Protein chains: 2
Amino acid sequence: MSAPVVDARAAEVFAALGDATRLTLLATLGTTGAATATRLAEPLPVTRQAVARHLRVLEDAGLVRSTKHGRDVLFRVDADALRERAEWLVAVSSAWDRRLADLRTRAERP
Amino acid sequence: MSAPVVDARAAEVFAALGDATRLTLLATLGTTGAATATRLAEPLPVTRQAVARHLRVLEDAGLVRSTKHGRDVLFRVDADALRERAEWLVAVSSAWDRRLADLRTRAERP
DNA sequence: CGGATGTGCAATATAAATGTTGCACATGCG
DNA sequence: CGCATGTGCAACATTTATATTGCACATCCG
C-alpha cells in the first residue's frame, strides 16, 4: 500500500514515450505545430487507425492535446507538460546522483 | 531510411522507465546504493525472477549496472546515464516549446 | 563436508500492446 | 444534392511483455 501514485503516473508518461513511432509523431508535431491523424500517417508505414491509437496514448499521458475543427481533429504537442516531465526526471536523477556520491564517500571514509 | 537511430535508442530507454515496478526498483537503488535481485524482490509482490528480468531491461537500457561479488550480483543505478537522458529530453522539449511559440507568433502576426 | 542461499535458464500461462480490415457516420465542397 | 475526405468504433490476428514454477548449479559459512 506504499506505492505512490506518482510512480504509476510517471510510468504511464514514460511508457507513452517508449515507442519509436510515438517519438516520431512527437517530433513531427514539435516541428510542424499541428496536424491530423490522417496527415501524420501519410509518411509512416502504418495505417491511419494505428496512428490515431498512438495519438490517443500520447494524449492520455498528457503529452499532446487535440482540438476539433469542423471535420478534422488537430493534434499538437503540449510542450509544457513534456518539459515538466523531463525536468522532474532530471531532478530525480540528480538527487540519486548526489545520494550515491554521498554513499560512496561514506564507504571510503567511514 | 530516414528514421534516426537515436529514436530507437531513446524509445528503449523510455520504455524501460515506463513500468511502475522498474521505477520502484530505480528508486530503491537510488536511495540504498546497491542491492541484489533477491533483496530487491523481498518487499515487492513479485518473484525474484521477475525482478531479475526487470533489472535486465534496465541494464539493457543503460540505466543500471551490475557487478558480480562472489555468489551474488549487485545492481546499482547509473545516475549519470539517467541524468543524461533526462537532460536530452529537456533539451528536446524546450526546443519544441520555442518552435511552437514561434509558430504561434507568426500565426498571430503574419 | 553439507546445508543454506543466490543465480540462471527453460517451459509455460496470461495479459497487454500493436496493427489491420471493414464499416458507419459526419463534414466540406463543387 | 452528391461525392470526396476525415473520424470513430468494432472484430480480429499477431506479437511482445510480464510473471510463475521448476530445476540445476555455484558460492558462502557453520
Side-chain angles (χ1 to χ4, degrees), chain A residues 3 7-29 32-77, chain B residues 3 7-29 32-77:
Chain A
D7 271 19
R9 179 62 182 164
E12 185 187 10
V13 175
F14 289 132
L17 291 171
D19 180 278
T21 300
R22 286 195 287 270
L23 286 182
T24 301
L25 290 174
L26 282 177
T28 302
L29 288 176
T32 63
T36 64
T38 299
R39 199 169 174 295
L40 287 167
E42 279 171 6
L44 297 178
V46 293
T47 61
R48 184 258 315 175
Q49 284 87 339
V51 169
R53 196 174 191 73
H54 281 303
L55 288 170
R56 188 177 178 183
V57 172
L58 289 170
E59 191 168 19
D60 285 345
L63 300 177
V64 306
R65 294 180 174 281
S66 66
T67 53
K68 196 166 187 177
H69 281 70
R71 178 175 52 175
D72 40 351
V73 178
L74 289 180
F75 291 87
R76 74 194 66 227
V77 174
Chain B
D7 271 19
R9 180 61 182 165
E12 185 187 10
V13 174
F14 289 133
L17 291 170
D19 181 278
T21 301
R22 286 195 287 270
L23 286 182
T24 301
L25 289 174
L26 283 177
T28 302
L29 288 176
T32 63
T36 64
T38 299
R39 198 168 176 294
L40 287 167
E42 279 170 6
L44 297 179
V46 293
T47 61
R48 184 258 314 175
Q49 284 86 339
V51 169
R53 195 171 192 73
H54 280 303
L55 289 169
R56 188 177 178 182
V57 172
L58 289 172
E59 190 168 19
D60 286 345
L63 300 176
V64 306
R65 294 180 174 281
S66 67
T67 53
K68 195 166 188 177
H69 281 70
R71 177 176 52 175
D72 40 352
V73 178
L74 289 180
F75 292 87
R76 74 195 66 227
V77 174

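Naming convention: chains lettered A, B, ... in sequence-line order (proteins, then strands); numbering from 1 in each chain. All values derive from a computational prediction rather than experimental measurement.
Considering all non-hydrogen atoms of both residues, A:Ala10 and B:Leu23 come closest at CB-CD1, 3.9 Å. Of all heavy-atom pairs spanning B:Ala41 and B:Arg48, the tightest one is CB-CA, 3.7 Å. Closest of all the heavy-atom pairs between A:Arg9 and A:Gly62 is NH2-N, 4.0 Å.
Within the structure, a side-chain polar atom (N or O) of B:Thr47 is placed less than 4.0 Å from OP1 or OP2 of D:dT20. Between B:His54 and D:dA19, a side-chain N or O to OP1/OP2 separation shorter than 4.0 Å is present. Applying the 4.0 Å criterion to OP1 and OP2 of C:dT5, one finds that B:Thr38 has every side-chain N and O outside that range.
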- Query: When you look at A:Asp19 and A:His54, which way does the side-chain contact (heavy atoms from CB on, under 4.5 Å) test go after all the steps?
  - Reply: CA-CA 9 Å; A:Asp19 180 278; A:His54 281 303; 3.6 Å; yes
- Would B:Leu17 and B:Leu26 count as a side-chain contact (heavy atoms from CB on, under 4.5 Å) if you check the C-alpha gap in whole Å, the side-chain angles of each, and the deciding distance to 0.1 Å? CA-CA 9 Å; B:Leu17 291 170; B:Leu26 283 177; 3.5 Å; yes
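In this entry the distance linking CG of B:Leu44 with C1' of D:dT20 reads 16 Å, nearest Å. When rounded to the nearest whole Å, the span between CG of A:Leu74 and C1' of C:dG28 equals 15 Å. B:Glu42 places its CD atom 15 Å from the C1' atom of C:dT7, with the value rounded to the nearest Å. Look at CG on B:Leu55: it is 15 Å from P on C:dG6, rounded to the nearest Å. Look at CZ on A:Arg56: it is 16 Å from P on C:dG19, rounded to the nearest Å. In this structure, A:Lys68 atom NZ and C:dC25 atom P are separated by 15 Å, rounded to whole Å. Going from atom CZ of B:Arg71 over to atom P of D:dC29 covers 7 Å, rounded to whole Å. Distance, A:Arg48 CZ to C:dC23 P: 14 Å, rounded to whole Å.
Mapped onto DNA chain C by nearest heavy atom, A:Val57 and A:His69 fall at different nucleotides, with A:Val57 at the one closer to the 5' end.
One cannot find a donor-acceptor pair under 3.5 Å joining the base of C:dT18 and the side-chain atoms of A:Arg53. One can find a donor-acceptor pair under 3.5 Å joining the base of C:dG22 and the side-chain atoms of A:Gln49.
Taking only side-chain atoms of A:Ala50, from C-beta outward, the nucleotide of C:dT20, C:dG6, D:dG6 with the closest atom is C:dT20.
At a threshold of 4.0 angstrom between heavy atoms, the contacts of B:Arg22 are confined to the sugar-phosphate backbone, with no base atom among them.
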